[in-house]
Amino acid sequence: MRLSQMLFVTLRDDPAEAEIPSHKLLVRGGYIRRVASGIYAYLPLMWRVLQNASQIVREEMNRSGAMECLLPQLQPAELWQESGRWDTYTQAEGIMFALGDRQERQLGLGPTHEEVITTIAKELIRSYRQLPLHLYQIQTKFRDEIRPRFGLMRGREFIMKDGYSFHRDQESLKETYAVMYETYSRILVRCGLTFRAVEADSGAIGGSGSHEFMVLADAGEDEVLYTEDGQYAANAEKAISQPPPAVPSTTKKSATVETPDATTIADLVACLNCDPSQIIKNVLYRAIYDNGTIVLVLVSIRGDQEINTVKLHNELSRLAPDYGAEKVLALTVADANATDWAAKPIPLGSIGPDLADDYIALNAAISPAFLRLADQTVVDLKHFITGANQAGYHRVGLSWGKACAKPKRVVDIRLAQGGDRACHDPEQTLRSARGIEIGHIFQLGTKYSQALGATYTSEAGEEHPLVMGCYGIGVSRLAQAAVEQNHDKNGIIWPLGIAPYKVIIVIPNLNDESQVAIAHQLYEQLWAAGIDTLLDDRDERAGVKFKDADLIGIPYRIVTGRSLGEGKVEVVERSTGRSQLIPVADVTGEIKSWVSATLDIAHPAYPLELPR
Ligand code: ATP
Ligand code: MG
């Protein structure tokens, strides 16, 4: 392609809307244009990047044995009502764009496709002989994100590869899951990204059924905790660790002491001159279940530790059946001024694990007893400090027993943090890094097949729900993440695998006929050798062209400049800035060998088949 014939407009200044480098550079380089909040046009250069990334995804998915298809973006509300997600997605979370047609039927724009694919599976899969089966698509998704930001990183319209697999049992699902783990790793390697696969939260389902593929970058919205030995990596939402040992308490005699105005752990440490690990802090949450039941949750955890609300939410979801409910709709820290559930003023800041149930107002919608949850960190504490259930007072030197009963439900609801000791090896400490979630693989089980009645007949002639897995990659997010990871002060440095063009030929002086002639000759040779090449034949100063070439990040720049006198051109590698003079006749061969050296390493030619 010739730049003179392209819609090629670069900007000198950072766009006001952009906060992170990749967003700034993609706008400045003429890759994307914002149309509305979270809605972007992919201009020609960007579209080539997205197509390159999609092609890598497609090749690896096909290699794994999955089959590409294309599902509708317009989805009838009925399918979502059947799975029970319509109200949550259109109202509670509000992530789904809903609309009506002229017959006043309700439709939604697909934020994801479990409902559609499971319905198709229900209609077409009959027998175990058809299993396993894996279908995927690469398509635009719509999500009404509450805070669209960072350009393509969190858009309201974005490109995703989503795949869904169907199995007769958990074992078969695990096999495909392992293949997907490998497939995703290969996709990211071929796209030139540095990443980490981490254990991810899989909601109330739990287990090790989910991994996220995180591209490491400071702008990442997620926190990743990992150990240097490579044995452990998890999303901080899900991570486990060993807390530091508690500092033994020296106050062995139990007493109730006045702690005026001490409502936080820091206040209490200052007031009682103690270590935070000697305190049991008690946090009161208010959970609302989908049947309207309100449950007051009293969480006890060691004072130097934090509560992981994702783990807490999962625990409450697991307990939903105890309250005749299916899921948690909302979870908030209880308000000190609450009037809707408290029978009398709550001594918040001074509550203990044994706060009496008679603080709860008697009301049909409210569970009459606190749900008391204790984190593992409080179980073995002795002579601890905790609230006296009386404003302005705490108990010291207290131990579990008659005076204060230990909560019966002990669960892990602790937030693991960088610096904690690892569970698999206490010699290893957890390290923290920021990550951008690019892919997510998930063992769904029978959640959707049961809701939608998708079954198959086993060898023994019995009907069973299909066991499912789902696998997503944010293709547009991936492309931007590549820039976030690969840029310098001059612009983008595209990894070869997804660069829009591999080479840009710059003609410094259009009035010099030999410069123009050699440039055209190389341009044709390179294309003939299968190397996508740009020709900067614009009537611009050489300096402007060099700057633009750096900004748009094409891996190799050929300059048909002064060295032509010796029959050579200058070739500059964008990533290293390394420049060399190469005889015109050798240039195409040289570049071809460099390109294949990189791409072949990233693309080992061994087959990976979906196990049957
Ligand atoms: P997030 O936690 O970032 O909101 P998610 O967990 O909701 O993402 P999934 O439903 O797992 O996302 O979707 C699969 C992939 O799609 C994600 O791993 C991510 O790469 C991409 N993705 C999700 N939401 C967006 C978005 N708003 N814009 C761009 N890409 C997205
Ligand atoms: Mg996810």
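Atoms within each ligand, like the ligands themselves, are counted from 1 in listed order.
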field: Numbered atoms of ligand 1 (with element) below 4.0 Å of Glu145, judged on heavy atoms
entry: 24 (N), 26 (C), 27 (N)
query: Hey, does Met160 come in under 3.5 Å of ligand 1, counting only N/O atoms on both sides?
result: no
message: Geometry only, no angles: is Ile438 polar-contacting ligand 1 at N/O separations under 3.5 Å?
response: yes
- request: Flag Ser476 as yes when one of its N or O atoms lies below 3.5 Å from any N or O atom of ligand 1, and as no otherwise.
  value: no
Set of residues satisfying salt bridge (charged side-chain N to carboxylate O under 4.0 Å, His left out) with respect to Arg34, sequence neighbours excluded: none
- prompt: For Ile473, is at least one N or O under 3.5 Å away from an N or O on ligand 1?
  reply: no
- line: At under 4.0 Å between heavy atoms, what of Asp162 touches ligand 1? The answer is neither
query: Looking only at heavy atoms, is any part of Arg477 under 4.0 Å from ligand 1, and if so is it the side chain, the backbone, or both, or is it neither?
result: side chain
Of Arg421, Gln428, Arg414, the residue whose pairing with Ser241 passes side chain to side chain donor-acceptor pair (under 3.5 Å): Arg414
- prompt: Taking side chain as C-beta onward, heavy atoms only, is Glu199 less than 4.5 Å from His211?
  reply: yes
- request: For Gly474, take its heavy atoms, then give the atoms of ligand 1 lying under 4.0 Å from any of them.
  value: 15 (C), 16 (O), 20 (O), 21 (C)
message: Does anything in residues 15-61 form a ring-ring contact (aromatic ring centres under 6.0 Å, His included)? List the pairs, not counting sequence neighbours.
response: His23-Tyr40, Tyr31-Trp494
task: Report the member of His440, Glu237, Gln480, Arg143 with the shortest heavy-atom distance to atom 7 (O) of ligand 1.
output: Arg143
